[in-house]
Amino acid sequence: MVSKAVLAVHPIVGALDEILLAYGLDAFAPHQPRDLCAHWLMGIEAQALTKAMLTLKREDNVVALPLHDGLIVARSSADRAILRLQEAYQEVAGAKPLVRVKGIGSSP
């Protein structure tokens, strides 16, 4: 029942094995591609965050600090950081993320 509910909302999970094989995760024997999925996704996230931070610094003169799956920037640079994150994820992962802005004292 849980699997059906997850697949209804996130159908890509049903094709995960094929996707992971297409990216060559079968080359890491004896590990199974699914065992490496979380690490693979964290690598994609790290590439996108790094690209966004470097672009912000080099092209926008904005300093950004990484925090888990997001960036810390000055409030005045939030719009620019959103744009750069979306551009970086599009380039690295082929998808535009939904970005949520939290201010100081915001609840998670």
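Within 6.0 Å of the CG atom in Asp17, the count of heavy atoms belonging to other residues, nucleotides or ligands exceeds 12. For CD1 of Ile12, the number of neighbouring non-hydrogen atoms (other residues, nucleotides, ligands) closer than 6.0 Å is 12 at most.
Glu59 CD to Leu54 CG: the interatomic distance, rounded to the nearest 0.5 Å, is 10.0 Å. In this structure, the separation between CG on Leu71 and OG on Ser77 is 11.5 Å, given to the nearest 0.5 Å. Interatomic distance, CG of Leu16 versus CG of Leu21, reported as 9.5 Å (0.5 Å rounding). For the atom pair Arg84 CZ and Leu56 CG, the distance stands at 6.5 Å (nearest 0.5 Å). Atom CD1 of residue Ile82 and atom CZ of residue Arg100 lie 12.0 Å apart, to the nearest 0.5 angstrom. One distance of note links NZ of Lys96 with CD of Gln90; it measures 8.0 Å at 0.5 Å rounding.
Pro11 approaches Ala8 most closely through the heavy-atom pair CD-O, 4.4 Å. For the residue pair Ala88 and Ala48, the shortest heavy atom distance occurs at CB-O, 3.3 Å.
A continuous path of hydrophobic side-chain contacts links Phe28 to Tyr23 [ILVMFWY only; heavy atoms under 4.5 Å]. With hydrophobic clusters built from ILVMFWY side chains whose heavy atoms lie under 4.5 angstrom apart, Ile72 does not share a cluster with Val62. A continuous path of ILVMFWY side-chain contacts below 4.5 Å connects Leu25 to Ile44, so both sit in one hydrophobic cluster. Linking Ile, Leu, Val, Met, Phe, Trp and Tyr whenever their side-chain heavy atoms come within less than 4.5 Å puts Tyr89 and Val99 in one cluster.
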Give the C-alpha distance, both sets of side-chain angles, the deciding distance and a yes or no for side chain to side chain contact (heavy atoms under 4.5 Å, CB included) between Asp26 and Leu20. CA-CA 8 Å; Asp26 57 329; Leu20 297 173; over 6 Å; no
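Under a 4.0 Å N-O distance rule, the pair Glu87/Lys51 does not qualify as a salt bridge.
Using a 4.5 Å heavy-atom threshold, the side chains of Ile19 and Trp40 count as touching. Between Leu65 and Val73 the shortest side-chain heavy-atom distance does not fall below 4.5 Å.
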